[in-house]
Amino acid sequence: MSVFQSLFGVFHPVTPSIRMPSELPSPALLTASASATSPEPCPASGPGRIDVASLPIRLRPLTMDDEDEWNNVRWCNRDWLAPWDSGDPMHGSPLTFAMWIQRQRQSEAAGTGALFAIVRNMSIVGQISLGAISYGAMRTGVVGYWVDQRQAGHGYAPLAVAMLADWAFYDPSGPRLHRLEIALLPENARSRRVVEKLGAHCEGVRTGYMYINGRWRDHETYSLLAEDAEGEGFVARLLRRNSDVSTRPNAI
């Protein structure tokens, strides 16, 4: 292979479509086995602990059938999520829910993104996305997430990220990436606790990284790498690292 062919593969990689699973099931049944393999529990990686007994969540793709429920959850959380919502610096026309879902299906077909509802007891309690996927020599993607304020404090966010990571890194039907990036505003302490619990790598601050509330904001950047939990998986690692947990009011 020539240098030019190698460079072409980096900048013009093949982008396979993403085969979305019908759902990523809850790891609730993994709790017992994870605890059994950790007779001496490890401390959590950040401030706050996860109540593994209260994590019966799953991830599934959002569809048009979710329009009313999703809109209701977002409306109830409009003030809770407003400080962190990204915007369009070009001030384009807003998308309807149908247009948004159509774009998600197009992103899946193009292999550039995936979107899941975080579901507990058949109800939407949040959302997690994998976007800006790059293949070739990079194999990376950007993770975004939010959790309903009424459901905050139960560890749903770090668990959802761990479930997404296991699918994106290791599942034969997933995109088989090498790196996931999570960017957060410096004042977003709750989101920082999520990456701390996951044991993510802090990569520093990116200047003017994302357009938030009418201006370009600096973001702290964190990453998860496939080799971080190879052979164990991020869900199992999260449960092991937090096997001595108790419910805390400030957990995510």
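Throughout, residue positions are numbered sequentially from 1 according to the sequence presented.
- For Trp80, the ring pair (Phe, Tyr, Trp, His ring centres under 6.0 Å) criterion is met by no residue, not counting sequence neighbours.
- For residues 221-230, the set of pairs meeting the side chain to side chain donor-acceptor pair (under 3.5 Å) definition, not counting sequence neighbours, comprises His178-Glu227, His201-Asp228, Glu203-Ser223, Glu220-Tyr222.
- With side-chain heavy atoms closer than 4.5 Å counting as contact, directly or through intermediates, the hydrophobic cluster containing Met210 also holds Trp84, Val142, Leu185, Tyr209, Ile212.
- A search for side chain to side chain contact (heavy atoms under 4.5 Å, CB included) contacts involving Val125 returns Ile118, Arg120, Gln151, Tyr156, not counting sequence neighbours.
- Counting heavy atoms of neighbouring residues, nucleotides and ligands inside a 6.0 Å radius, atom CZ of Arg78 exceeds 12 of them.
- For Thr63, the side chain to side chain contact (heavy atoms under 4.5 Å, CB included) partners at least two apart in sequence or on another chain are Asp65, Asp66.
- Here the closest non-hydrogen pair linking Asp166 and Val235 is OD2-N, 3.1 Å.
- Arg58 places no side-chain N or O within 3.5 Å of a backbone atom of Ala117 that could act as its donor or acceptor partner.
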* **Worked check of side chain to side chain contact (heavy atoms under 4.5 Å, CB included) between Ile18 and Ile133** => CA-CA 11 Å; Ile18 295 176; Ile133 295 177; 3.7 Å; yes

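- Under the rule for a ring pair (Phe, Tyr, Trp, His ring centres under 6.0 Å), the partners of Phe169 that lie at least two apart in sequence or sit in another chain are Phe234.
- Between Trp167 and Phe116, the ring planes lie perpendicular to each other; the angle is over 60°, past the 30° to 60° tilted range.
- Residues Pro61 and Gln104 form no side-chain contact, since every pair of their non-hydrogen atoms from C-beta on lies 4.5 Å or further apart.
- The aromatic rings of Phe97 and Trp70 sit tilted relative to each other, their planes meeting at an angle between 30° and 60°.
- For the pair Asn213 (side chain) and Ala82 (backbone), a donor-acceptor distance under 3.5 Å is present.
- Cation-pi geometry between Arg103 and Trp100 is not satisfied (NZ or CZ under 6.0 Å from the ring centre, within 45° of the ring normal).
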